[in-house]
Amino acid sequence: MNPLTCFTLSTTDHIAHLVLNRPEAMNTMHPTFWRELDEVLTHLHKAGEARVLVISSTGKHFSAGMALETFSGAIAMDDQSPEGRAAIFDMLSDMQATFTKLETLRIPVIAAIQGGCIGGAVDMVTACCLRYATSDAFFCIQEINIGMVADVGTLQRLPKLVPLAVVKELAYTGRRLSAARALGYGLVNEVFDSPEALLAGALLCAKEIASKPPVAIWGTKQAIHYTRDHSVDDALKQMGWLQGAIWSNQHVREAVTAMKEKRAGEFTDLSPLQSFKEIGL
């Protein structure tokens, strides 16, 4: 990968840790942020070494969302012609696709959120599998406060995570949702007293996930996401096909033996991926 300027990335014991590292700018999102995040997620998806991804941040806020100067500079939103307005669709689709990579990544993604999770940051964390937060964290659908509709995933994913009336309240008013309320609604899994405790908790969960057979975790993520968007009957059929494709007697024996012997199991990593276009290069 190219050197990162908006993030740091490390992988230890099959746990990838991506850190937003521009606290002086409140970790706002601009085109470079998007490019680097897309590149990191593509790399992790293809490599197969990491078994879980933890995303944390630095400074006062997890992220203040889209950098406002982006709208007046790097991104030109042409509303003066039907052709220009049509181009907005394609640009948004490209941005949405990056956060969707969090959802479709072959490994679980854990977001560790401190301080403000604002605007585009809500789009980002709702695409993650698990969310942990500090007690001072808050969530804000900021877009309505600057005269626009949230458009990179919040309005599509948040209703799958919390009651619809709560989504409407936040989306219509731009109010802040506290960590305590977010925990009550199930948006976050646990609340911690400090950023240090938050990261420790997120990494502990990541360690547990990384100890399981990676292909079984992959299958579980596939099944959960399919079930979310399909009927029970369709999801049960998909589960049969999925289990038939990845079942491993060896993995089950190793998992049970390791549990009895109170040791870590030994499992094969996911296979590295290579796109058809790259074959022969």
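The model shown is predicted, which means the values in this text are computed figures rather than measured ones.
Here the two rings, on Trp34 and Phe99, have centers that are under 6.0 Å apart.
Ring geometry for His251 against Phe267 counts as perpendicular: the plane angle is over 60°, on a 0 to 90° scale with 30° as the lower cut. Relative orientation of the Phe33 and His30 rings is perpendicular, given thresholds of 30° and 60° on the angle between their planes.
Ion pairing of Arg228 with Glu103 is present here, as a side-chain N (NZ or NE/NH1/NH2) and a carboxylate O approach within less than 4.0 Å. Taking a cutoff of 4.0 Å between a charged side-chain nitrogen and a carboxylate oxygen, Glu24 and Lys60 do not qualify as a salt bridge. Glu49 has no carboxylate O lying under 4.0 Å from a charged side-chain N of Arg106, or vice versa, which leaves the two without a salt bridge. Salt bridge present: Arg51 and Asp269 bring a charged side-chain N and a carboxylate O closer than 4.0 Å.
Neither side chain, Ser63 nor Arg22, offers a donor N or O lying under 3.5 Å from an acceptor on the other.
Put simply, the side chain of Gln142 never gets that close to the backbone of Ala64: no donor and acceptor are under 3.5 Å apart.
Here the closest heavy-atom approach between residue Thr173 and residue Asn145 is recorded as O-OD1, 3.5 Å. Summarising the geometry of Ala206 relative to Val52, their closest heavy-atom pair is O-CG1, 3.5 Å, with the distance given to 0.1 Å. Looking at every heavy atom in both residues, Val122 comes nearest to Cys117 through CG2-O, 3.2 Å. When all heavy atoms of Ile55 and Cys128 are compared, the pair lying nearest together is CD1-SG, 4.5 Å.
Paired with Glu143 under the rule side chain to side chain contact (heavy atoms under 4.5 Å, CB included), one option of Asp123, Val149, Leu155 passes, and it is Asp123.
In Asp193, the CG atom is not crowded: 12 or fewer heavy atoms of neighbouring residues, nucleotides or ligands sit closer than 6.0 Å. The environment of Glu261 atom CD is dense: over 12 non-hydrogen atoms of other residues, nucleotides or ligands sit within 6.0 angstrom.
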